[in-house]
2 protein chains.
Amino acid sequence: MRAPVLKTPRRESKTVDRTSYEPAYAQIVRILSEEIATGILHPGDQLPSEAQLRARFFVSPMTIRRAINILVERGLVSAAQGKGTFVRSLDIGEAVFRLQELKEHWINGDETAVRLLEASIVSLDERAADRLAAPAGSRGIYIRRLVLRESTPAMYHREYLIYDPSRPLVEAQLQITSLTGLLQGQGGEGLRRGNLTMEAVNLDEEEALVLQVPVNSSAFSLEHTFYDFDDRPVSWGKFICRADIFVMTARIGAEVNL
Amino acid sequence: MRAPVLKTPRRESKTVDRTSYEPAYAQIVRILSEEIATGILHPGDQLPSEAQLRARFFVSPMTIRRAINILVERGLVSAAQGKGTFVRSLDIGEAVFRLQELKEHWINGDETAVRLLEASIVSLDERAADRLAAPAGSRGIYIRRLVLRESTPAMYHREYLIYDPSRPLVEAQLQITSLTGLLQGQGGEGLRRGNLTMEAVNLDEEEALVLQVPVNSSAFSLEHTFYDFDDRPVSWGKFICRADIFVMTARIGAEVNL
DNA sequence: TAGTGGTCTAGACCACTTA
DNA sequence: AAGTGGTCTAGACCACTAG
C-alpha cells in the first residue's frame, strides 16, 4: 500500500510541473508573482539567489535567468549585480497606457465605421508646413475622417500629407475605410517610425460640431507625425477623441491569475 | 605589409564586435533594428532564419533567440512557429505611454514641491465608499495635496483612505512631502497592486481655483485605486493634471541610435 | 574571498508549417 | 521530410559587491 497523501502540505513551496504545456520559465514567473502578490515576499525583501531558485525549481541557470528578467521588465523586482534581487514596492511610474486598448475595445464585435469627410489638395499653412518640414504654402493633402461607434461620433481625425504623386501613400490613405486600416499600416509599408503625443484639450466649434458635443468639452488629442525611410515627415495630424468614450487603463503591481 | 583595408566594404553585413562592452544580444538587436529602420528590411519581409542569423553573427542559438525575443517585444517583428519571423509594419496600437515620463521630467532638476492642503477624518460619501468597498457613511481619511512646479500649480491630488488606526498607512501618507514619495511607495510596503485610469475632463470650480486656470479648462484626470495584500481597496483618489503642463509622448517603429 | 547577477556556448528535443 | 521557431540543459567565464 502506498503512503497516504497529505492533503495540506505544510508550507511546501510550489515548483514547476514538467508535464504542463506552460513553459517552465512562465511557471516560475507566475509562482514568484503570486508569492509577491500574497505577501510571502514583501517589498524590500531579497529574492533567493539564482542558485537557490535553481535548486528549488530543478531548472538550469538560463531558465531562472529568463524568469527573473521578465519580473524585472514587469517592474516587480530589481536586480543588482553582486548584491541580489529585491522585491520592489508599488510605483505609479511603472504604469503604462497602451493604445492597443483602443483597437481591442472598438474593433471586436462593436459596430465601428470610418467615414471620409474630406480629401483635398491644399496649400500648407505655416504650422502644417513646419511639422512636415516643407516650405509654407507648398502643396499638401488634407484628409478629414470621422470614426463612428454604433452610429455615435467617437473620433475626429484630421491629417496633412506631403503631396508627392510618385508615392502611393495618398492612394493608400484614401482607401482606408476601416478602423483597423486607419490605425495600423498607415500608408502600407512606406513608413518607418512615428512620434505620438497625447494631451487633454478643449474642443473648438468645428470639433464640437463634428463630434456632437458642446463646445469647450474636454477631449483627448492624439497628435501623430510619421516618417518615411529617409526620415522625412510625410504625415502629420490629430485624432480628437471624445472624453466620454475614450478612457485608458493601466495596472501596476503583481497580478494573480494573469 | 598588411593588405590595404577597404574603406567602403561592398554591402558587407555588420556583425557583432566581441571586444565591445555591449552584449552580443544587444548588438544584434541594434543591428537588426537599424536594418529595419533604413529599409534594408521592409515591412512584410521575412528575416533570415535563426540558423542563418547564427551563422552571420557567430553566436549560439540562445543568443539569437534572446535578440529576436526583444524585437518581438518591441513590436518590430512578429514570429510564427514553423513559418518564420517577419518585419511588422507601423502600428499605432503599439504605442505605449508611460507615467515614468512624469517623474523624469519633473523630479530631475526642476523645482517641484508638494503642499498638503488638507488631511481630515471624514464620513465617506456614497461614491468613495463604493470605491473603497466600505459601508457608506463609515469613517475615512481625506487628503488633498497640490503639486507645484516652479511655484506654478500643476497637479491637484485628492485621495480617500480607509480609516484604520492599526495600520501605519495614514501616518506614512501624511509624511509625504516630495513628488517622489507621492508617486512611488505610497503607504510604504503595505500595497500590493493598483488600478489606474486616465481620461480627459473639464475642471469644476474648485479644481480650477486650486490650479489657477479658468473653469471648464480641460485636464487629465488620473484616477487610482490601491489594494492591500488581502486585495481590499485602501486608497482611492484622483490626480488632476493641468493640460498645458502634462503631455505624454510615445514612439513607434524602429529607432536608430537608441 | 565568497556570493551575487549577467552573458554565452553547443548542443538537444519539441511543435508547427509547408511541400 | 525539411525547415522554422520555442524551450531547455549543464556547464563556463565575467563583473560586481560585500565582509
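Chain letters run A, B, ... following the sequence lines, proteins first, then strands; residues in each count from 1. Reckoned from all heavy atoms, side chains included, excluding hydrogens, waters and symmetry mates. Since the model is a prediction, treat every value here as computed from it, not as a measurement.
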Next item on the list: In plain terms, say whether B:Glu35 and B:Lys14 are close enough for a salt bridge, that is, a side-chain N and a carboxylate O under 4.0 Å apart.
Entry: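 Answer for the salt bridge query: no.
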Checklist line | N-O pairing of A:Arg149 and A:Glu111 below 4.0 Å | finding: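 Here A:Arg149 does not pair with A:Glu111 in a salt bridge, since their nearest N and O are not under 4.0 Å apart.
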Next item on the list: Would you kindly compare A:Lys83 and B:Ser49 by the position of their nearest DNA chain D nucleotide and give the one closer to the 5′ end?
Entry: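 Comparing both residues, the 5'-ward one is B:Ser49.
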Note to self: Assuming nearest nucleotide by heavy-atom distance, tell me which of B:Tyr21 and A:Arg18 is located more 5' along DNA chain D.
What the structure shows: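 Final value for this comparison: A:Arg18.
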Checklist line | Closest-nucleotide 5' rank along DNA chain C - winner of B:Tyr25 and B:Gly82 | finding: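 With B:Gly82 and B:Tyr25 compared, the 5'-side residue is B:Tyr25.
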Nearest-0.5 Å distance, [atom1] of residue [X] to [atom2] of residue [Y]:
X: B:Leu196; Y: B:Lys238; atom1: CG; atom2: NZ; answer: 13.0 Å
X: B:Met62; Y: B:Asn69; atom1: CE; atom2: CG; answer: 9.0 Å
X: B:Ser89; Y: A:Arg192; atom1: OG; atom2: CZ; answer: 15.0 Å

Notebook entry, point to check: Which residues in residues 60-70 of chain A have at least one heavy atom lying under 4.0 Å from any atom of DNA chain C?
Noted result: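 Heavy-atom cutoff 4.0 Å gives A:Met62, A:Arg65.
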Margin query: For DNA chain D, report each stem as range with range, ordered by first number, or say none. Use Watson-Crick or G-U wobble pairs under 3.5 Å, at least 3 in a row.
Written below: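 Output for stems: C:1-18 with D:1-18.
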Notebook entry, point to check: How about A:Arg98: does its CZ atom have over 12 heavy atoms from other parts shown lying under 6.0 Å from it?
Noted result: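 Counting neighbours around CZ of A:Arg98, 12 or fewer heavy atoms of other residues, nucleotides or ligands fall under 6.0 Å, so no.
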Check: Taking A:Asp230 for the side chain and A:Arg232 for the main chain, is one N or O donor matched with an acceptor at less than 3.5 Å?
Finding: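 A pair under 3.5 Å: no.
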Notebook entry, point to check: Is it true that B:Phe220 and A:Phe220 have ring centroids separated by less than 6.0 Å?
Noted result: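 Yes, close enough.
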Next item on the list: Walking along DNA chain C from 5' to 3', note the first and the last nucleotide with an atom under 4.0 Å from a heavy atom of chain A, and give both.
Entry: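 Nucleotide range in contact with chain A: C:dG3 to C:dT9.
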Within the structure shown, what part of the strands sits under 4.0 Å from [X] by heavy-atom distance: base, sugar-phosphate, or nothing?
X: A:Ala51; answer: nothing
X: B:Phe86; answer: nothing
X: A:Ala24; answer: sugar-phosphate

Check: Do we get B:Arg193 above B:Tyr227's six-membered ring, with its NZ or CZ under 6.0 Å from the centre and within 45° of the axis?
Finding: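 Yes, a cation-pi geometry holds between B:Arg193 and B:Tyr227.
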Note to self: Could you go through B:Phe229 and A:His42, starting from their C-alpha distance and side-chain angles, then the distance that decides it, and tell me whether this counts as side-chain contact (heavy atoms from CB on, under 4.5 Å)?
What the structure shows: CA-CA 10 Å; B:Phe229 288 101; A:His42 269 84; 4.0 Å; yes
Check: Should B:Thr15 and B:Phe58 count as side-chain neighbours, where that means a heavy-atom distance under 4.5 Å?
Finding: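 Answer yes - side chains close enough.
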